[in-house]
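This report concerns only the one structure given below.
Lettering of chains follows the sequences in order, A, B, ..., and the numbering in each one begins at 1.
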Number of protein chains: 2
Amino acid sequence: MGTQYKGSAREIGALNAYIKLMRSSQSVSERIRSHKTVTGLNSSQFGALEALYHLGSLPQKTISEKLLVSKSNVVGIVDALEKLGFVKRQQNSDDRRFTNVSITEEGRKYMERTLPDHVNAIAEEFSCLTASEQEQLAKLCRKLGLKEQA
Amino acid sequence: MGTQYKGSAREIGALNAYIKLMRSSQSVSERIRSHKTVTGLNSSQFGALEALYHLGSLPQKTISEKLLVSKSNVVGIVDALEKLGFVKRQQNSDDRRFTNVSITEEGRKYMERTLPDHVNAIAEEFSCLTASEQEQLAKLCRKLGLKEQA
DNA sequence: TAATTTTAGTTTAACTATAAACAGTTCATA
DNA sequence: TATGAACTGTTTATAGTTAAACTAAAATTA
C-alpha cells in the first residue's frame, strides 16, 4: 500500500493522502451503490432527485453545478426521472432560457420510501469511524474541496 | 452545503462525512485529471502504467484488483497501452491462464517524463492542508477503505 | 434599435466502464 | 485418468459521461 515514488517529504505526504482519498471514496461509493441497485435509479439520478426533494425546484444548470456533472448529462438524468414520473420540467416564465425541474408527489413518495435505507447504508459504512473522526474527515475534505472556487 | 436530512445524530454525522468525502474526491480527481489531459493517457491508463512502472510485471488480474476496475476494463486499458508501445503482454509459462503485462523501455521513459508533473499537481492540490492534516486524512480514509476486506 | 455576446438547455459523437456470456487453462476429486 | 469446478482473460452488449456543435432566449453595446 502507499506510494513508491521517491520525492520530497511534501510530495510523499500529498501522494499518500491522494491515493488513500481516491481509494476510500471509490470503495465507499461502490459499496453504497451496490446497496442501492435495488431502487432502480443510478446514483446520479438518485442524487438529483434527492437534491430536488430537499431543495424544491431547481433549474438544470444548478443541478449540474450541485452534482458536479455536465449539463448534457443533466438532460439525460432529468429525462429518466421525468419518464418515471418523479420530476417535471417547467419553463421559467421570467427567463425562458431556464427550465425549472421540480419533484412530483410520486417522486416525493419514492424518496420517502427509499431514503431511510440509503441513509442507513451510509451510516453503516461510516460506523468504522467514531463521531469525532467523521467530523474530522468532513472538515479535512471540506478544506480540500473548497479549493475548487479558485 | 451539507445535508437536510432529519435523522439521528449518528446518521447526520455519517451523511455529512459521506457528502464531503464524495465531493472532495470528485473535485480533486477532476482537477488532477485536467492537469494531465496533456499527457494523452486517461487516468486509468496512467494509473495502470504507473503501477507497472513501480511494481514491474503484473498479471491483468492484479491490475484489475489494484485499480479497482473490472477485468474487462483492464483488457482495454492494456490494449491501449500496448498500442502505444508502453507495455507488452506475455503469457505466463507456469500458468498459461495468466498474462503478464510489463512496462517497456518506452513506457518507462514516458513515466519518467510525466510523473514529476503529475506528482507536482497532486502536491499543489493538497497544499491547502498541512503535513499533519494530510496524514490525518490519509489515516481516516484508510480506516474507511479497509472495510472492503469484509 | 440592431448587432454582438452570453447563457441554458439539447443533440450528437466519442469515450469509458461494467456485466454477462464465452474460451482456454488448471485444479480437485472421485 | 476423467469429469466437473474454478479461474484468467476476451468479446459483446449496454449504460453513463463528456465535449463540441447547435438552438433559443436574454443581456450588452454600439
**Complete:** Nearest-nucleotide check on DNA chain C, A:Q26 vs A:Q60; residue mapping nearer the 5' end is A:Q60

**Prompt:** Rounded to whole angstroms, how far apart are NZ on B:K61 and P on C:dT26?
**Reply:** 17 Å

**Prompt:** Distance-only, no hydrogens or angles: does the B:E112 side chain make a donor-acceptor pair with backbone N or O of B:K109 under 3.5 Å?
**Reply:** no

**For atom CG of B:L41 and atom C1' of C:dC15, their distance in whole Å** = 14 Å

**Message:** Are A:Y53 and A:L84 connected into the same hydrophobic cluster when the rule is that any two of I, L, V, M, F, W, Y join if their side-chain heavy atoms are below 4.5 Å apart?
**Reply:** yes

**Request:** Of all the heavy-atom pairs spanning A:I77 and A:S44, show the shortest one and how long it is.
**Result:** CD1-CB, 3.6 Å

**Fill in**
B:N42 atom CG is separated from C:dA17 atom C1', nearest whole Å, by 11 Å

**Request:** Kindly give the heavy-atom pair with the smallest separation between B:R89 and B:E82, and that separation in Å.
**Result:** NH1-OE1, 2.8 Å

**Message:** Between P on C:dA17 and CD on A:E30, what's the gap in Å once rounded to a whole number?
**Reply:** 13 Å

**Complete:** Rounded to whole Å, CD1 of A:I63 lies from P of C:dT10 at a distance of 10 Å

**Message:** What is the first contacted nucleotide of DNA chain D and what is the last, in 5' to 3' order, if contact means an atom lying under 4.0 angstrom from a heavy atom of chain A?
**Reply:** D:dG16 to D:dA26

**Message:** Heavy atoms only, 4.0 Å cut-off, all strands: where does B:V69 land among base, sugar-phosphate and nothing?
**Reply:** sugar-phosphate

**Prompt:** What does A:S64 touch in the nucleic acid at a heavy-atom separation under 4.0 angstrom: a base, only the sugar-phosphate, or nothing?
**Reply:** nothing

**Message:** If you assign each of A:Q45 and A:S72 to its closest nucleotide in DNA chain D, which residue comes earlier from the 5' end?
**Reply:** A:Q45

**Item:** base_contact_polar (C:dA8 base, A:T99 side chain, donor-acceptor, <3.5 Å)
**Value:** no

**Asked** Under the 3.5 angstrom rule, does the side chain of A:T104 hit a backbone N or O of A:F86 as a donor-acceptor pair?
**Response** yes

**Connected via hydrophobic side-chain network under 4.5 Å: A:L15 and A:L140** = yes

**Prompt:** Can you check the A:N73 CG to C:dT11 C1' distance for me, whole Å?
**Reply:** 14 Å

**Request:** Check whether B:F98 and B:I103 end up in the same hydrophobic cluster, where Ile, Leu, Val, Met, Phe, Trp and Tyr are linked by side-chain heavy atoms less than 4.5 Å apart.
**Result:** no

**Message:** In this structure, how many angstroms lie between the P atom of C:dT6 and the NZ atom of A:K71, rounded?
**Reply:** 14 Å

Ignoring hydrogens and angles, write down the donor-acceptor pairs under 3.5 Å from the side chains of residues 67-74 of chain A, residues two or more places apart or on other chains.
from, atom 1, to, atom 2, distance (Å)
A:S70, OG, A:S72, OG, 3.3
A:S70, OG, A:N73, N, 3.2

**Prompt:** What parts of residues 83-96 of chain A reach DNA chain C, counting only heavy atoms under 4.0 Å away?
**Reply:** A:R89

**Asked** How about A:R97 and A:Q91: does a side-chain donor come under 3.5 Å of a side-chain acceptor?
**Response** no

